[in-house]
Amino acid sequence: MKRKICVITGTRAEYGLLQQVIQKIKEDPALELQIMATGMHLSPEFGLTFQEIEKDGFAINRKVEMLLSSDTPVGITKSMGIGMLGFADALQELAPDLIVVLGDRFEILAAVSSALAACIPVAHLHGDETTLGAFDEYIRHAVTKMSHLHLTSTEQYRKRVIQLGEHPERVFNVGAPGVENIKRMDLWDRKELEADLGLSSGERFFLATFHPDTLDKDPAVDQFSNLLSCLEEMAADSKMRIVFTKANADTGGRRINQMIDRFVADKPQKSIAFTSMGQIRYLSAMKYTSAVVGNSSSGIMEAPSFKVPTVNIGDRHKGRVRADSVIDCRPQKEKIQSALQKALSEDFVNKVKSVDNPYEKPETAAAIVEILRDADLSSIIKKEFYDI
């Protein structure tokens, strides 16, 4: 009998990281793939990105509606409650042998909480990374403790999962699947990207994404306003275009997206915005950008493999392992200006060409699927705390 592996995904970015893992599960004759789409995937406001999953040739077994049209703390909390109701029914119907989740979002917390009550084991990717500026930090560690197989992106994070009391035999350093995607995907060349984005030949651009720091005392709109001011001045001085990808459904994310829309409406010759770029367009843009700007995790994990600078603003990823291509700065205007200037400097651009990406390992997706296929699940639900 095939082992039923249910992959649960709630955002465009998370699905992009999981795509190769999903493909290899589908191809494995010993496994039966199930996919559960939820959260932003099902929202017209965020681009109905479940369609990207289907375009890749994957069947979605269940869609779990949970996202309210509100990003207030009350709205997010109610979305989690609605999600748990939907996951309870979906997990009962699909009866997977193992669920696979990635990361730290509230949709994933709702899904894993439902699996816990149903005694369904959980395999967790990207566990025990540190993001001190967002409440994702707490969600990630909570999901780690509710999970049974741990697939970490670096050795440091593997050790941290063990430090939380997880048995070493169930904790594996496999690398970041998103980094492997860069090596495997047939990305666009420069001319294809320029034609798609409406760029002139050789025109430089920033790839900008900004999510609210949900635990920061400074309002996200003030931080993002500082970034927009810097980008506007930089675009004017250096003829730089700005390609925005919009924020997720985090607390305050809709305010950020409204500010992007106003910026692009006022400066259509200088900027363009996407609710969802799709994986190939986004990674192709990252390959040719002058710098990744904002606070997306892709600037920490994927950008170093393209040898492009990252300007990482604020505390959202404070404490995370990073390459030397990442420039950290506070969200004040003068700090952002200085970081942008450094990212474009000849010395730094040359330095970035030789950086190593700490998240890069060979055959990440294959290693993950091998663990999902071969792990002994017979007594995995009852965990004992591992003392160091």
May I ask you to decide if [Y]'s main-chain N or O and [X]'s side chain share a donor-acceptor pair within less than 3.5 Å?
X: S345; Y: K342; result: yes
X: S271; Y: P268; result: no
X: N173; Y: L151; result: no
X: H317; Y: N295; result: yes
X: N61; Y: I35; result: yes
X: E180; Y: P362; result: no

F263 and F244 aromatic centres sub-6.0 Å: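 Close enough - the centres of the two rings lie under 6.0 Å apart.
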
Could you check whether any side-chain heavy atom of [X] comes within less than 4.5 Å of a side-chain heavy atom of [Y], counting everything from C-beta outward?
X: D128; Y: K159; answer: no
X: H41; Y: I53; answer: yes
X: K246; Y: F274; answer: no
X: L98; Y: V122; answer: no

I'd like to know if E14 pairs up with R105 as an ion pair, taking the criterion as any Lys NZ or Arg NE/NH1/NH2 lying under 4.0 Å from an Asp or Glu carboxylate oxygen.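 Here E14 does not pair with R105 in a salt bridge, since their nearest N and O are not under 4.0 Å apart.
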
Should the pair K4-E32 be classified as a salt bridge under the 4.0 Å nitrogen-to-oxygen rule?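 Between E32 and K4 there is no salt bridge, as every charged N stays at least 4.0 Å from the carboxylate O atoms.
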
Is the number of heavy atoms from other residues, nucleotides or ligands within 6.0 Å of CD (E93) greater than 12?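 Enclosed: over 12 neighbouring heavy atoms sit under 6.0 Å from CD of E93.
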
Looking only at side chains, do Q23 and E27 share a donor and an acceptor under 3.5 Å apart?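 Looking only at side-chain atoms, E27 and Q23 do form a donor-acceptor pair, the distance falling under 3.5 Å.
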
Give the intermediate values and the outcome of salt bridge (charged side-chain N to carboxylate O under 4.0 Å, His left out) for residues R158 and E155. CA-CA 5 Å; R158 177 182 176 274; E155 183 61 23; 3.3 Å; yes

Nearest heavy-atom neighbours spanning A111 and I8: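 Heavy atoms of A111 and I8 come nearest at CB-CD1, 3.9 Å.
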
